[in-house]
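By convention in this document, chain letters (A, B, ...) are assigned in the order of the sequence lines, proteins followed by strands, and residues within each chain are numbered from 1.
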Protein chains: 2
Amino acid sequence: MDYVVIAVNKTQRNFILKQAQAKCQSLGLRLTEKRQGVLEILLQTVEPLSAYELTDKYNKSTNSPILAMSVYRILEFLESVNLAHRIHSANKYIACKSLDGACHHHLSVILVCKSCHQIEEIDSVQEAAKHLFKAVESTGFSAANARLELPGLCNLCKAKLDK
Amino acid sequence: MDYVVIAVNKTQRNFILKQAQAKCQSLGLRLTEKRQGVLEILLQTVEPLSAYELTDKYNKSTNSPILAMSVYRILEFLESVNLAHRIHSANKYIACKSLDGACHHHLSVILVCKSCHQIEEIDSVQEAAKHLFKAVESTGFSAANARLELPGLCNLCKAKLDK
DNA sequence: CTCGATATGTTATATTATATCAACAGTTGA
DNA sequence: TCAACTGTTGATATAATATAACATATCGAG
């Protein structure tokens with residue numbers, strides 16, 4: 001299985017946005033224009049973005065600008081409904097790009113390349129992750145909604161460094 | 001197996017410090033007075049500390065004070081030789097309290113309690129962690145020196161919340 | 001419409017982290 | 001012994017990330 005950086009095309013973005021709308025509605029929450037705008041920028045971007053980078057991008061693409069403060073609040077909202085994830089090791093944020101609308105939040109594994117700083121949220125290690133969670137929970141600790149961030153080197157960077 | 005917050009007693013601290021000295025020496029590096037001082041504070045403390053908290057504690061316990069800048073540098077050093085770990089999800093730092101002098105850095109799992117913010121570095125899930133790493137590496141990604149941070153609720157806090 | 005709740009605007013400030021250059025200490029080798 | 005080199009720390013400035021607090025605006029239910 002090949003390792004590729006996730007980039008979603010326009011059709012996919014629209015699909016995810018629609019699902020996001022539906023999800024919020026079903027929760028009795030509002031995916032407002034600004035919230036959707038922020039989510040769109042995250043979806044359009046391959047690398048994770050800091051709140052301030054996100055603010056800049058947002059403001060370049062609109063004529064009703066937003067403040068970083070609001071972006072933080074919006075990110076908090078998006079995270080709370082699992083539409084975006086925070087990458088702690090980088091203090092940056094990504095959209096959840098899972099196309100089936102059900103990113104496996106409880107078990108998701110995020111690979112963080114130390115060299116190119118790109119990120120891949122992978123599903124193919126579900127089983128192993130599940131085992132780890134079970135082992136952890138058997139110690140009495142309740143692992144909640146965890147995304148495992150694994151630092152390392154992606155395929156491409158490894159190839160470059162090997163040269 | 002019970003979940004307990006790691007606290008090392010004085011004897012254990014001294015033991016770890018001695019090992020740290022030896023480790024640095026064998027690497028041709030110096031565990032200077034300040035570096036050792038910072039490590040000691042971390043070892044004496046159960047909760048993870050921010051660089052600035054660490055600075056304050058240090059300066060309260062000495063008459064040759066230190067600057068936060070230096071603490072950052074020292075933390076970087078301690079991390080580079082695996083005597084301390086950074087908790088990304090909290091932007092704080094802990095000492096590696098493994099008594100056998102060989103914290104399993106490549107596979108270590110850190111439980112972070114969202115409620116009391118205390119931290120437990122556990123060894124008992126080595127096998128499961130190893131499997132996960134293998135699964136990840138089979139995707140072509142080289143996981144490097146990872147500590148997995150798992151957010152959740154520790155035993156004690158869970159009990160409190162259940163009341 | 002209007003009231004309450006939610007969302008956003010606005011300003012200020014806290015917290016975390018890095019950059020830069022100078023001073024000093026310890027080691028090495030002539 | 002002394003000069004040169006390397007690594008460590010001091011000192012100051014500033015950048016980057018994040019939260020607090022309060023005001024205003026907007027949405028939706030009744």
Side-chain angles (χ1 to χ4, degrees), chain A residues 20-21 23-42 47-59 62-81 83-94 112 114 117 149, chain B residues 20-21 24-25 27-42 47-59 62-81 83-94 112 114 117 149:
Chain A
Q21 271 293 357
K23 184 176 199 177
C24 290
Q25 215 148 49
S26 79
L27 291 168
L29 300 170
R30 280 181 287 164
L31 188 62
T32 64
E33 203 173 341
K34 304 241 164 183
R35 287 172 176 174
Q36 175 160 338
V38 167
L39 180 56
E40 273 187 72
I41 305 241
L42 281 178
E47 332 83 63
L49 295 175
S50 78
Y52 284 85
E53 287 165 347
L54 192 41
T55 306
D56 288 348
K57 282 216 179 199
Y58 187 100
N59 289 336
T62 181
N63 44 14
S64 95
I66 201 173
L67 289 163
M69 180 69 249
S70 290
V71 171
Y72 274 105
R73 282 187 289 223
I74 288 172
L75 285 169
E76 191 182 5
F77 170 82
L78 293 175
E79 270 206 280
S80 75
V81 290
L83 290 170
H85 302 316
R86 178 170 176 182
I87 311 296
H88 282 109
S89 55
N91 291 326
K92 302 204 172 180
Y93 305 83
I94 57 172
V112 184
K114 284 181 176 183
H117 302 110
E149 295 175 25
Chain B
Q21 271 293 358
C24 289
Q25 215 148 49
L27 291 168
L29 301 170
R30 279 183 288 162
L31 189 62
T32 63
E33 203 173 340
K34 305 242 162 185
R35 286 173 176 173
Q36 176 161 337
V38 168
L39 180 56
E40 272 187 73
I41 305 243
L42 281 178
E47 332 84 63
L49 295 175
S50 78
Y52 284 85
E53 288 165 347
L54 193 41
T55 307
D56 289 346
K57 283 216 179 199
Y58 187 101
N59 288 336
T62 181
N63 44 13
S64 96
I66 199 174
L67 290 164
M69 181 69 252
S70 289
V71 171
Y72 273 104
R73 282 186 290 221
I74 288 172
L75 285 169
E76 192 182 14
F77 170 82
L78 293 175
E79 271 205 279
S80 75
V81 290
L83 290 171
H85 302 316
R86 177 169 176 183
I87 310 297
H88 281 109
S89 55
N91 292 325
K92 303 204 169 180
Y93 305 83
I94 57 173
V112 184
K114 284 180 174 182
H117 303 109
E149 295 175 25

field: Qualifying residue for side-chain contact (heavy atoms from CB on, under 4.5 Å) with A:Q36, from A:E33, A:K34, A:E40
entry: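 Among the candidates, only A:E40 passes.
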
Which nucleotide sits closest to the side chain of [X]: [options]?
X: A:K34; options: D:dT17, C:dT8, D:dT9; answer: C:dT8
X: B:R30; options: D:dT17, D:dT8, C:dT20; answer: D:dT8
X: A:N91; options: D:dT17, C:dA17, C:dG9; answer: D:dT17
X: A:L67; options: C:dA17, C:dG26, C:dT11; answer: C:dT11
X: A:M69; options: D:dG10, C:dT11, C:dT8; answer: C:dT11

Under a 4.5 Å cut-off applied to non-hydrogen side-chain atoms, are A:E149 and A:H88 in contact?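 Of all side-chain heavy-atom pairs linking A:H88 with A:E149, at least one is under 4.5 Å.
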
Quick check: do A:V38 and A:L78 have side-chain heavy atoms less than 4.5 Å from each other?
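Yes; the side chains approach each other to less than 4.5 Å.
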
With a 4.0 Å limit, can you tell me whether [X] has a side-chain N or O closer than that to the phosphate oxygens OP1/OP2 of [N]?
X: A:T32; N: C:dT8; value: yes
X: A:S70; N: C:dG9; value: yes
X: B:Y72; N: D:dT8; value: no

Value rounded to 0.5 Å, distance of NZ in B:K57 from CG in B:N59 |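 Taking NZ in B:K57 and CG in B:N59, the distance rounds to 13.0 Å.
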
What integer distance in Å separates [X]:[atom1] from [N]:[atom2]?
X: A:L75; N: D:dT17; atom1: CG; atom2: P; result: 13 Å
X: B:E33; N: C:dA25; atom1: CD; atom2: P; result: 13 Å
X: B:L31; N: C:dG26; atom1: CG; atom2: P; result: 15 Å
X: B:E76; N: D:dT9; atom1: CD; atom2: P; result: 12 Å
X: B:H88; N: D:dT17; atom1: NE2; atom2: P; result: 14 Å
X: B:I66; N: D:dT8; atom1: CD1; atom2: C1'; result: 11 Å
X: B:Q25; N: C:dG26; atom1: CD; atom2: P; result: 15 Å
X: B:N59; N: D:dT9; atom1: CG; atom2: C1'; result: 13 Å

Worksheet item: Below 4.0 angstrom, N of the basic side chain to O of the carboxylate: do A:E47 and A:K92 qualify?
Response: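 Looking at A:K92 together with A:E47, the answer is no, because their closest N to O distance does not fall below 4.0 Å.
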
For [X], report the nucleic acid contact type (base, sugar-phosphate, nothing); a contact means any heavy atom under 4.0 Å.
X: B:R35; value: sugar-phosphate
X: B:Y52; value: base
X: A:L29; value: nothing

Notebook entry, point to check: Do B:R73 and D:dG10 have a side chain to base donor-acceptor pair shorter than 3.5 Å?
Noted result: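 For B:R73, whose side chain was compared with the base of D:dG10, there is a donor-acceptor pair (under 3.5 Å).
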
